[in-house]
Amino acid sequence: MKKVLMGNHAASYGAMLSKVQVIAAYPITPQTQIVEELSEMCYDGRLEAKFLKVESEHSAMACCIGAAITGCRTFTATSSQGLALMHELLHWAAGARLPVVMVNVNRALAPGWNIWTDQSDALSQRDTGWIQFYCTSNQEILDTIILAYRVSEQALLPAMVVYDAFVSSHTYEIVEIPDPVQVDKLLPPHKPFYFLSQENPATFNSLTSPDYYQEMREDMQMAMDGTAELIEKAALEFKEIFGRFYPSIEPYRIDDAEIILVTSGTASSTSQIVIDQLRTEGIKVGQVRIRIFRPFPGHQLRQLIKNCRKIAVLDRNLSVGVGGIFAHETKAALYGMGNQPTVFGFVTGLGGRDITPEIIEQILRYTERQDKPGEKVIWMGSKQVKMNNSKVKI
Amino acid sequence: MENISPKNIPYISVSTQSMAWNKTGNWRYLRPAYHNRLSPCVQGCPAGENIEGWMQLLQKKKYLEAFKLIREENPFPGVCGRVCFHSCEESCNRQKYDRALSINALERFLSDYILGSGLSASHWAAKPNTHKKERVAVIGAGPAGLSCAYHLSGLGYEVEIFESWQQAGGVLRYGIPPYRLPREILDWEIDAILAHGITLHTNMGLGQDFQLKDIRSKFKAIFIATGLTKGKKLNNFNENNERVISGLDFLRAVSLGNKTDLGEKVAIIGGGNTAIDSARTLLRLGVHPTIIYRRTRREMPAFDEELEEAEREGVQLRFLLSPECLVFQGKDLIGLECREMELSELDFTGRRSVIPRTGSNSFISADGVIVAVGEEPEVVYQNVDIKVGPSNTSITPDKSESNPKEQAGSDRAKKIFEDNPASHEILSLEEGIFQGGDLVGPVFNVTQAIASGKKVALMIDLYLKGEKDFSLLTHLQIGTKGGISIQRYLNPASSYAQALSSPAVKYEDLNLDYFPHSERNRRSKLTLKERKLSFKEVNQSMPINTAMEEAERCFHCGVCTQCDNCLIFCPDVSIISKASLDGYDIDFDHCKGCGICIKECPRAAMVIQGERK
């Protein structure tokens, strides 16, 4: 059945079809519609879940953790400031190895107080041990939530499903609603190994001495490494049942590309228009869209870009002092590779500033013209403003 | 579909051991405790009822126990549930939240329930004491006398009541009309009191049919509670006429079934409850009443409810008029000439006094006149031959025109307790003669009379045990301005008695997060049509569902109701239920003294104390 849904409501449907059992959430622009719709679904019985209104995002994650440790499938959603508020508990959910799934609508972090799209919020949490999925279409949002539960419950690491504020969250697209019976095939009820129970009482995650802690972390690292394979397997099964395929990296016209643009989020679809246009001029450009940020698909990326000369990474985020985070991860993934393409790191579109085809064209032409990036961070689309510090030359 | 479970159990820490060995209680420097405190309604009841206590029992549907609990302090729940001015409701903390609890209506509900259940008094009245102590005489079977007899009998004394009229009840039968207090209710409660083994002599009036000296040798103590049965006369007004009668005489005549012909239009002079009762009674007899009051509505001492009902029923009210003389046409009375008044300075009761307006008179048309300007003791009482005791009190107290709306918390009442707790009740310590009820005041209403009877019963008990100093009575007072609790007298070490000496719980002490707002349930009344020419009771009883809903609104200020809030919120799982209904046990091995239980207690039934190391 097809419906015209906004991105946020596609997320609600994803959670509903995943038969989540506990939802604990706090509202924040631009996520509010997700939980509003879910509360209606709980109210009219389409979803049999316990809906907890909590007083902050920190409490929301705490509730999800509490519910998850009893074996429930849990869901929450947040954005920027809310995600930041949850930070200590993001570490907790991952360290406790709980399969919580959360939607984070990418929004800029304050100050300046900015509600528009910016990837820095989710990427700031990249060390916490959460799996991260980046979506561009509303269909993908709905489908990815189901996939996220599937993968998360196997890896026993929490997962966040991330998409752009307003461009995705509040934009309406046609979405195919999967048949619940088919979803159940891909995603059977969660059967945890361990959970709080009165029959077998136990205390989880208590005081741990230096004698035991390191191995817990090593176990998490290994689990995250193994998640790449789980994601691929799940994607194949999804394709078999529903006909839609979601690779970890989605390539576009890369076969003979000399320059490959690395994108994520909704800028990806805009890029494809520019790539098509430049191709008509004879410039051999292609694009890879990264869907999975954690675990970073370094191996696949190497495979896809091994024949190009230059990589232009489009980051709609900033790690202050480092530059764009996708660029940073890309460089790390390519380290040690023979015949490494040169990586150009571009930062643009922060705080919801539009990433227009013109900006993407500028990025690609710059990359084409220059042999080397010339700077650690190449800012695109900035206004000429008097700033105190000079840019770092490399 | 292949098995999608994770292959390995993740490496996390799990403990299956108890952590109880870690006695975190030694971190504590503050310690919580359950400590029942005084509920403000209990302090507000002149009769000293444990209102919070019977409300809890009512909520638990223990109707019989609730009824019995009331009767430990007050043998008149049916009467009070109808005619009491409910100062308990004025003390109720809920009024600051939304509306006060309908305590009065609930007391009445309980009595109606027990009456309707058909349970005989043997189920709920205490068994009469077979092994009696001394004999005590009570003169006057009004609320004060009956209350005193009841409590004396409960304390083990043999009591004989001497009542001058045909039946017991006093103002309850001969003053308050049946549409406020039905006779069946009154008879039911009086019978239950007398069933204690109290002997009642009717048609035995002190000063008329017997003198004190006739009975002094037979009784070790005597309580005089003959009340105020004579209507006061107006100054400078000739009342001598067959169509002019005092309010008290009128009401008594009606309750005896005697015909009183006052014509078709009657003017009632006065502004108190007697005037209102007379007016509403006249309406029901098909007569047109007009109340004439020399001050304004705001100064009227009658109960607000009574005044409102009188107006609804069609009683006319004329203010700022003072009667000067009767007006005749030939031999027939046709009306009153009244002087118009205007408001002046405040008098000693705090109300505006009045002075005549120069040169203006009004004529009020009337065939009959009722004078209801106050009451005083019968002249016959003043002729009683007793020795005035060392307390040097006169036997005819000066009942100044005070405002019966004053509660026990009035400064005057407080002062009496402070100066000498028993100064007005003792007539003669040598002879063991006491007085109470309306003879003493300073507040003149049924509930105060009932309270007075209880107080004197305790005084007589102390006196007969050889006590001459009654300062103990101050220790029996509930809170700083309440009535006397006989429970406290009988069981001074009980937790209830101790709660009574704590300060009353204030609104600010409560945690209101746990109480949803709710409407105050009202009792219904007869329609005006149903009231016409009928003495049927106007106020209806609450149906049981409404009563239970209303009882749910009680905050239970200061008393643990085992709501489990402390238990739920204790982060150390250190609060434990116990079988008895008295608070909870605290596991002090693990309680860290965080105080969350005290903060989350909705009703301030917990205290924090310093930890003794």
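Each chain gets a letter, A, B and so on, in the order its sequence line appears, and its residues count up from 1.
Heavy atoms from other residues, nucleotides or ligands lying under 6.0 Å from NZ of B:K599 number 12 at most. Counting non-hydrogen atoms of neighbouring residues, nucleotides and ligands closer than 6.0 angstrom, the CZ atom of B:R523 exceeds 12 such neighbours. Within 6.0 Å of CD on B:Q95 lie more than 12 heavy atoms contributed by other residues, nucleotides or ligands. Shown here is A:L207, whose CG atom has no more than 12 heavy atoms of other residues, nucleotides or ligands within 6.0 Å. The number of heavy-atom neighbours closer than 6.0 Å to NZ of B:K525, taken from other residues, nucleotides and ligands shown, is above 12. Atom CD of B:Q609 has more than 12 neighbouring heavy atoms from other residues, nucleotides or ligands inside a 6.0 Å radius. No more than 12 heavy-atom neighbours from other residues, nucleotides or ligands sit within 6.0 angstrom of CD on B:E519.
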Validation: residues 499-506 of chain B side-chain donor-acceptor distances under 3.5 Å, sequence neighbours left out:
unit_1: B:S501; atom_1: OG; unit_2: B:Q498; atom_2: O; d: 2.8
unit_1: B:S502; atom_1: OG; unit_2: B:L38; atom_2: N; d: 3.1
unit_1: B:S502; atom_1: OG; unit_2: B:A499; atom_2: O; d: 2.6

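Put simply, the side chain of B:T16 never gets that close to the backbone of A:A202: no donor and acceptor are under 3.5 Å apart.
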Mind running side-chain contact (heavy atoms from CB on, under 4.5 Å) on B:I12 and A:F204 for me, showing each step along the way?
-> CA-CA 8 Å; B:I12 60 166; A:F204 295 99; 4.1 Å; yes
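Contact record, B:S13 with A:S206: OG-N, 3.0 Å, taken as the closest heavy-atom pair.
For residues 93-100 of chain A, the interface with chain B (any heavy-atom pair closer than 4.5 Å) comprises A:G95, A:A96, A:R97, sorted by residue number. Within residues 209-219 of chain A, the residues that have a heavy atom under 4.5 Å from a heavy atom of chain B are A:Y212, A:E215, A:M216, A:D219, listed by number.
Residue pairs satisfying the side-chain hydrogen bond (donor to acceptor under 3.5 Å, both in side chains) criterion with at least one member in residues 52-68 of chain A, sequence neighbours excluded, are listed as follows: A:E55-A:S59, A:S56-A:S59, A:H58-A:E88.
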